[in-house]
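Only one structure is covered here, and it is reproduced in the block below.
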Amino acid sequence: MYPDALDGTRWALEYVTLRGVSHMVSGRRIPELAFLDGRVSGDDGVNLGEGTYSLRGNALTVAIDTVTSLQYGSEPLVEYDLFEYLRGARLATVHADFLHIAFGEGSDELVYHSEVLETPA
């Protein structure tokens with residue numbers, strides 16, 4: 001498999017834009033997203049997810065499912081729906097250290113900031 005622009009990268013969620021309104025991350029853990037060899041792994045701040053992705057040009061498709069089943073807090077947080085948003089991904093654009101993932105209809109997007117991958121010892 002040939003690497004793409006996301007292969008071997010890790011990202012921390014900065015904010016989610018829904019219907020023109022930006023929502024900052026408010027959980028205890030910062031949700032993360034990592035891409036490697038056509039696989040994607042994610043963290044929504046509570047649960048973990050794994051799956052596959054395809055990036056052709058800027059067109060992004062993600063198939064990700066939750067692999068843990070921890071209970072979410074009673075306050076509804078926008079990041080609790082991250083895996084659903086990722087399954088609706090349409091486009092991925094990298095601007096400097098930021099990854100913008102457009103999903104759904106209109107201007108809805110996830111915005112991630114790059115993280116340095118640790119090299120194994």
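Worth knowing before you read on, the calculation uses all heavy atoms, side chains too, and leaves out hydrogens, waters and symmetry mates.
Taking CD1 of Ile64 as the start and CZ of Phe83 as the end, the distance is 5.0 Å to the nearest 0.5 Å. For the atom pair CG of Leu6 and CG of Leu55, the computed distance is 5.0 Å after rounding to the nearest 0.5 Å. Note that CG of Leu91 is 6.5 Å distant from CG of Asn58, once rounded to the nearest 0.5 Å. For the atom pair Trp11 CH2 and Glu115 CD, the distance stands at 10.0 Å (nearest 0.5 Å).
A donor-acceptor pair under 3.5 Å is formed between the side chain of Asp44 and the backbone N or O of Val46. Of the possible polar contacts, one joining the Asp108 side chain to the Arg19 backbone as a donor-acceptor pair under 3.5 Å is found. No donor-acceptor pair closer than 3.5 Å links the side chain of Asp81 to the backbone N or O of Glu84.
In this structure, Ile101 and Leu33 have side chains that are in contact, with non-hydrogen atoms separated by less than 4.5 Å. Side-chain atoms of Leu77 and His23, non-hydrogen and from C-beta on, never get closer than 4.5 Å to each other. By the 4.5 Å heavy-atom criterion applied to side chains, Asp7 and Leu36 are counted as neighbours. By the 4.5 Å heavy-atom criterion applied to side chains, Val78 and Tyr85 are counted as neighbours. Using a 4.5 Å heavy-atom threshold, the side chains of Val25 and Pro31 count as touching. Taking 4.5 Å as the limit, every side-chain heavy atom of Tyr53 sits out of range of all side-chain heavy atoms of Leu86.
The two residues Val16 and Phe103 have their closest heavy-atom pair at CG1-CZ, 4.3 Å. Minimum heavy-atom separation, Glu79 to Met24: OE1-O, 4.3 Å. Nearest heavy atom pair, residue Ala89 against residue Val62, reads CB-CG2, 4.1 Å. Closest approach of Gly20 to Ser107, counting heavy atoms only: N-OG, 4.0 Å. Closest non-hydrogen pair, Ala92 versus Leu99, comes out as CB-CD1, 4.1 Å. Minimum interatomic distance between Ile30 and Ala12 (heavy atoms only, all atoms of both residues): CG2-CB, 3.8 Å.
Note: the hydrophobic cluster containing Tyr80 also contains Leu70 (ILVMFWY, side chain heavy atoms under 4.5 Å, direct or indirect links). When the side chains of ILVMFWY residues are joined at heavy-atom separations under 4.5 Å, either directly or via intervening members, Val94 and Leu60 end up in a single hydrophobic cluster. A single hydrophobic cluster is seen to contain both Tyr112 and Leu18, as judged by linkage of ILVMFWY side chains at heavy-atom distances under 4.5 Å, directly or through other members. Note: the hydrophobic cluster containing Tyr72 does not contain Leu82 (ILVMFWY, side chain heavy atoms under 4.5 Å, direct or indirect links).
A side-chain N or O of His100 and one of Glu109 form a donor-acceptor pair less than 3.5 Å apart.
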Just do the side-chain contact (heavy atoms from CB on, under 4.5 Å) check on Thr61 and Arg56 with the steps written out, would you? CA-CA 9 Å; Thr61 56; Arg56 304 227 190 281; over 6 Å; no
